[in-house]
Amino acid sequence: MRIATWNVNSVNARLELLLRWLEESQPDVVCLQELKCVDEKFPSEPVEALGYNILVHGQKSYNGVALLSKYPMEEVRRGLPDGDEDTHSRYLEAIVEAPSPIRIASIYLPNGNPIGTEKFNYKLAWMERLRAHAAGLLALEEAVVLAGDFNVIPTPLDCDKPSNWVDDALFQPESRAAHRAIVNLGYTDAHLAVGAEPHAYTYWDYFRDAFENDRGIRIDHLLLSPQAADRLEASEVQRHVRGWERPSDHTPVMATLAD
DNA sequence: ATGGTAGACCTTCTA
């Protein structure tokens with residue numbers, strides 16, 4: 001089973017690329033982030049025509065996450081717990097009814113810039129809510145995949161030049177510690193588990209020829225519960241998609257789990 | 001050291 005995550009930076013601006021990528025890569029399950037549209041504006045018809053079931057948790061202009069699956073899906077959660085005052089659409093969780101079922105979440109973690117503001121506080125608070133929920137998921141002893149744009153550079157090996165990122169919310173010690181606190185509950189970073197190269201980036205700025213010069217960061221992650229990690233066979237950053245015309249600033253990451 | 005690009009959308013916010 002092939003499971004991918006991709007921050008598309010507007011699903012409607014990226015529709016042509018999304019369809020091309022789905023046909024080319026044939027993922028079974030897809031986590032999308034930054035839809036930048038409400039549910040009704042999601043381009044369901046052309047995606048369904050490729051054989052996907054769709055769950056959308058959209059929002060006007062900003063954020064928005066979706067799940068696509070060639071298997072039937074049952075939505076189990078829209079938004080993290082304790083989110084009465086949280087208006088952002090950043091979390092969507094479902095059970096994928098594959099022969100060996102998988103619980104999967106599409107995650108768009110807050111960016112948090114600039115540091116020292118309410119946005120950074122929101123990021124850290126959101127990460128603590130995610131940590132608490134992720135701990136509960138492990139207690140279920142199921143195959144769980146938390147996939148998405150985590151907006152965290154876990155280590156200096158995950159960026160081109162650490163000094164460029166020291167003032168950025170994505171590389172703050174607090175952000176990295178909060179990320180470690182989630183992973184250390186017992187999740188496996190699929191990229192690290194397959195022994196992939198360091199400096200395998202998933203995001204490059206649109207400006208200053210960042211992609212051409214490979215000045216990027218690895219912030220899109222798939223975190224696997226032990227029951228999912230046992231089935232992990234491969235993990236790949238699909239770098240070539242960032243080189244297509246009118247790309248997202250993120251590129252897809254695809255993990256393969258035994259069926 | 002700074003400002004560059006992209007997307008949504010009404011002129012500025014977010015990333």
Side-chain angles (χ1 to χ4, degrees), chain A residues 5-21 31-44 46-47 56-66 79 85-91 106-127 130 147-154 158-172 174-176 178-179 201-221 237 239-253:
Chain A
T5 180
W6 190 16
N7 178 324
V8 290
N9 187 17
S10 169
V11 69
N12 284 301
R14 220 63 62 208
L15 181 58
E16 211 172 305
L17 258 67
L18 175 64
L19 299 175
R20 177 180 167 188
W21 170 72
C31 300
L32 298 176
Q33 301 89 35
E34 274 209 272
L35 307 177
K36 292 186 169 181
C37 67
V38 293
D39 294 13
E40 303 75 53
K41 296 263 180 77
F42 187 94
S44 298
V47 174
V56 181
H57 182 29
Q59 183 182 330
K60 187 179 178 176
S61 303
Y62 306 116
N63 312 317
V65 289
E85 291 126 54
D86 190 352
T87 57
H88 296 194
S89 299
R90 299 181 174 276
Y91 187 91
S106 183
I107 292 172
Y108 180 45
L109 206 143
N111 175 295
N113 276 305
I115 58 174
T117 68
E118 203 43 54
K119 290 184 178 182
F120 189 61
N121 296 338
Y122 172 65
K123 179 191 187 107
L124 295 180
W126 203 94
M127 292 186 80
L130 177 60
D149 176 1
F150 281 73
N151 266 317
V152 175
I153 303 167
D158 299 308
C159 61
D160 56 310
K161 194 173 161 194
S163 61
N164 285 344
W165 298 95
V166 289
D167 294 326
D168 196 288
L170 281 61
F171 197 55
Q172 289 309 293
E174 296 94 328
S175 308
R176 292 168 57 192
H179 185 71
Y201 307 134
T202 65
Y203 166 94
W204 299 260
D205 263 327
Y206 281 122
F207 19 88
R208 294 181 296 177
D209 299 318
F211 181 62
E212 289 72 13
N213 294 296
D214 200 25
R215 290 194 292 261
I217 50 180
R218 188 176 75 90
I219 57 175
D220 298 272
H221 310 300
V237 178
R239 187 191 167 90
H240 69 284
V241 177
R242 182 62 175 79
W244 287 353
E245 198 172 338
R246 280 196 80 211
S248 168
D249 38 9
H250 296 250
T251 214
V253 183

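Residue numbers start from 1 in every chain, and the chains themselves are labelled A, B, ... in the order their sequence lines are given, proteins ahead of strands. Just so it is clear, the model here is predicted, and its values are computed rather than measured.
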Under 3.5 Å: donor-acceptor pair, side chain of Asn113(A), backbone of Ala169(A): yes

Give me the ring orientation class for His221(A) and His179(A): parallel if the planes are under 30° apart, tilted from 30 to 60°, perpendicular past 60°. tilted

Starting from the 5' end of DNA chain B, give me the residue, Lys36(A) or Arg208(A), whose nearest nucleotide shows up first. Arg208(A)

The correct set of residues in residues 160-171 of chain A placing a heavy atom under 4.0 Å from DNA chain B is none

Rounded to the nearest Å, what distance is computed from the CG atom of residue Asp249(A) to the C1' atom of nucleotide dA6(B)? 8 Å

Using the C1' atom as the reference point in each nucleotide, state the distance between dG3(B) and dA15(B) in Å, no decimals. 15 Å

From C-beta outward on Tyr62(A), which listed nucleotide comes closest to its side chain: dT14(B), dA8(B), dT5(B)? dT14(B)

Tell me if the aromatic rings of Trp21(A) and Trp6(A) count as close, with their centers under 6.0 Å from one another. yes

Just how far, in rounded Å, is P of dT14(B) from OH of Tyr122(A)? 12 Å

Just to confirm, is there a sub-4.0 Å distance from OP1 or OP2 of dG7(B) to any side-chain nitrogen or oxygen of Arg14(A)? yes

Please measure how far the C1' atom in dG4(B) lies from the corresponding atom in dT14(B), and state the result in whole Å. 16 Å

Starting at OG1 of Thr5(A), measure out to CZ of Phe150(A) and round the result to the nearest 0.5 Å. 8.0 Å

What integer distance in Å separates Trp204(A):CH2 from dG4(B):P? 24 Å

Keeping the roles fixed (side chain from Thr251(A), backbone from Arg242(A)), state whether a donor-acceptor pair exists under 3.5 Å. yes

Can you confirm whether the side chains of Tyr206(A) and Asn9(A) place a donor and an acceptor under 3.5 Å from each other? yes

Arg246(A) (side chain) donor-acceptor with Glu16(A) (main chain) under 3.5 angstrom: no

Nearest-Å distance, NE2 (His88(A)) to C1' (dA15(B))? 13 Å

Which of the following nucleotides, dA15(B), dG3(B), dA6(B), is nearest to the side chain of Asn111(A)? dA15(B)

Taking only side-chain N and O atoms of Lys119(A), does any of them lie within less than 4.0 angstrom of OP1 or OP2 on dT14(B)? yes

d(CD, Glu212(A); P, dT5(B)) in whole Å: 13 Å

For dG7(B), does OP1 or OP2 lie under 4.0 Å from any side-chain N or O of Arg246(A)? yes

Leu35(A) has an atom CG; how far is it from atom P of dA15(B), in whole Å? 14 Å

Taking the nucleotide of DNA chain B with the closest heavy atom to each, which residue, Ala13(A) or His250(A), is nearer the 5' end? Ala13(A)

Establish, from distance only, whether the side-chain atoms of Lys123(A) and Asn111(A) form a donor-acceptor pair under 3.5 Å. no

Assign Tyr108(A) to base, sugar-phosphate, or nothing according to its heavy-atom contacts below 4.0 angstrom with the strands shown. sugar-phosphate

Could you check how far CD of Gln59(A) sits from P of dA15(B), rounded to whole Å? 10 Å

Using whole Å, report how far NZ of Lys41(A) lies from C1' of dG7(B). 14 Å

Name the nucleic acid region contacted by Arg90(A), choosing base, sugar-phosphate or nothing; use a 4.0 angstrom heavy-atom cut-off, strictly under. sugar-phosphate

